[in-house]
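A quick write-up on the structure given underneath.
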Amino acid sequence: MILFPNAKINIGLNITERRPDGYHNLETIFYPIDIKDALEVVKSDKLSFTSTGLEIPGLIEDNLCIKGYHLLKLDHDLPPVSIHLHKHIPIGAGLGGGSSDAAFFIRLMNDEFKLGLSVEEMTNYARRLGADCAFFIENKPVFAFERGDEFESIKLDLSAYKIVLVMPPVHISTGEAFRGIKPATPKESLFDLINEPIADWKKFIKNDFEQTVFKNHVEIRGIKAALYEAGAIYSSMSGSGASVFGIFADTPDLKFLEGENEVFYL
Ligand SMILES: C[C@](O)(CO)[C@H](O)COP(=O)(O)OP(=O)(O)OC[C@H]1O[C@@H](n2ccc(N)nc2=O)[C@H](O)[C@@H]1O
Ligand SMILES: Nc1ncnc2c1ncn2[C@@H]1O[C@H](COP(=O)(O)OP(=O)(O)OP(=O)(O)O)[C@@H](O)[C@H]1O
């Protein structure tokens with residue numbers, strides 16, 4: 001069976017407090033976007049993982065698909081499988097690529113091997129693999145809170161707009177981006193602000209990681225400025241970076257950004 005795990009962007013991200021478990025409580029809007037990996041799983045005589053496309057840093061044992069397999073195996077009688085991932089979603093981008101692979105892996109195993117898991121059960125497995133993973137089980141726009149793995153439904157449809165995503169040649173690890181953040185409770189929750197007209201978002205909606213990340217990577221700040229210059233209605237870094245997205249009324253001409261960076265027109 002083959003599935004196509006997609007990426008997400010964060011529209012706004014407030015880091016509200018440090019938790020005793022080393023994580024942070026935050027609030028954000030997750031919005032799925034159309035940049036995808038391809039994930040194939042077939043029954044085999046031994047567990048294996050191969051990948052093509054972008055090089056995935058780290059050990060195969062640490063790949064979130066393999067971790068997902070071992071997690072499900074604790075509770076279910078699973079045959080060995082061979083997993084192939086074609087990696088297309090930029091890594092260290094704040095796009096949740098690895099998290100999406102993990103969640104889609106759980107969904108795939110549930111379907112392929114008739115595990116009978118409910119959405120809630122799959123979400124619980126996913127959140128044990130990473131804070132971002134849980135969102136990709138249902139994979140629809142949500143307001144997320146606590147570790148980013150509790151959700152409230154929202155109505156948000158950006159299909160009338162053009163989203164452009166720019167990935168600079170820099171990778172940022174989520175752990176690195178959290179260092180130096182001073183958590184604070186915002187005056188107004190994103191849950192309410194997201195209902196304001198998009199033209200007003202830039203006045204109210206911010207991503208707390210920009211403060212720390214822009215300090216060390218001025219070129220990322222430059223991309224955001226360039227997107228506004230090119231007519232973006234709203235622009236922000238996604239998650240913990242390094243990618244930056246812009247929401248436009250019409251497809252902008254961003255050729256000047258294309259040399260150095262990878263530009264996705266969605
Ligand atoms: C910041 C976001 O990218 C926003 O979408 C995500 O919340 C990060 O989610 P993720 O990459 O799935 O995060 P995990 O793999 O669970 O955690 C990586 C590291 O990020 C930090 N982390 C992550 C999520 C969170 N709510 N608080 C944290 O402090 C922790 O130091 C953790 O060790
Ligand atoms: N299937 C996978 N695809 C990509 N990275 C993976 C995968 N499994 C584990 N990883 C590890 O996760 C790290 C980054 O993952 P990911 O792409 O989710 O981060 P990100 O782009 O910063 O997104 P986010 O922080 O929003 O989850 C990689 O450096 C890699 O070591």
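Start at 1 and go down the list; that is how both ligands and their atoms are numbered. Everything numeric in this text was worked out from a predicted model, so none of it was measured.
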What are the atoms of ligand 1, with element, lying closer than 4.0 Å to any heavy atom of Ser99?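 Numbered from 1, ligand 1 contributes 12 (O).
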
So the atoms of ligand 2 within less than 4.0 Å of a heavy atom of Asp62 turn out to be 9 (C)

For Ile56, the atoms of ligand 2 under 4.0 Å from one of its heavy atoms are 4 (C), 5 (N), 6 (C)

Can you tell me which residue and heavy atom of the protein come closest to [atom], and the distance to 0.1 Å?
atom	answer
atom 19 (O) of ligand 2	Gly92 N, 3.9 Å
atom 27 (O) of ligand 2	Asp132 OD2, 3.0 Å
atom 1 (N) of ligand 2	Asp101 OD2, 2.9 Å
atom 7 (C) of ligand 2	Asn63 ND2, 3.6 Å
atom 3 (N) of ligand 2	Lys87 NZ, 3.1 Å
atom 16 (P) of ligand 2	Gly98 N, 3.8 Å

Are any of the side-chain nitrogens in Arg127 or Glu150 under 4.0 Å away from the carboxylate oxygens of its partner?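 The answer is yes: the pair qualifies as a salt bridge.
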
>> Do the side chains of Lys8 and Asp132 get close enough for a salt bridge, i.e. N-O under 4.0 angstrom?
In response: yes

Any [X] heavy atom less than 4.0 Å from ligand 1:
X	result
Ala131	yes
Gly94	no
Phe209	yes

With heavy atoms and a 4.0 Å threshold, my read on which part of Arg19 contacts ligand 1 is neither

Part of Asp132 within contact of ligand 1 (heavy atoms, under 4.0 Å) =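 Both of them.
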
Could you say whether the N/O atoms of Gly175 and ligand 1 ever approach to under 3.5 Å?
no

Review point. When only distance counts, is Glu146 in polar contact with ligand 1, meaning an N/O pair under 3.5 Å?
Key: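 Among all N and O atoms of Glu146, none is under 3.5 Å from an N or O of ligand 1.
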
- atom 11 (C) of ligand 2: protein heavy atom closer than 4.0 Å? no

So salt bridge (charged side-chain N to carboxylate O under 4.0 Å, His left out) across residues 59-84, not counting sequence neighbours, yields none

Of Gly94, Pro90, Ala242, the one whose closest heavy atom lies nearest atom 20 (P) of ligand 2 is Gly94

- Under 3.5 Å, is there a donor-acceptor pair between the Thr16 and Asn14 side chains? no

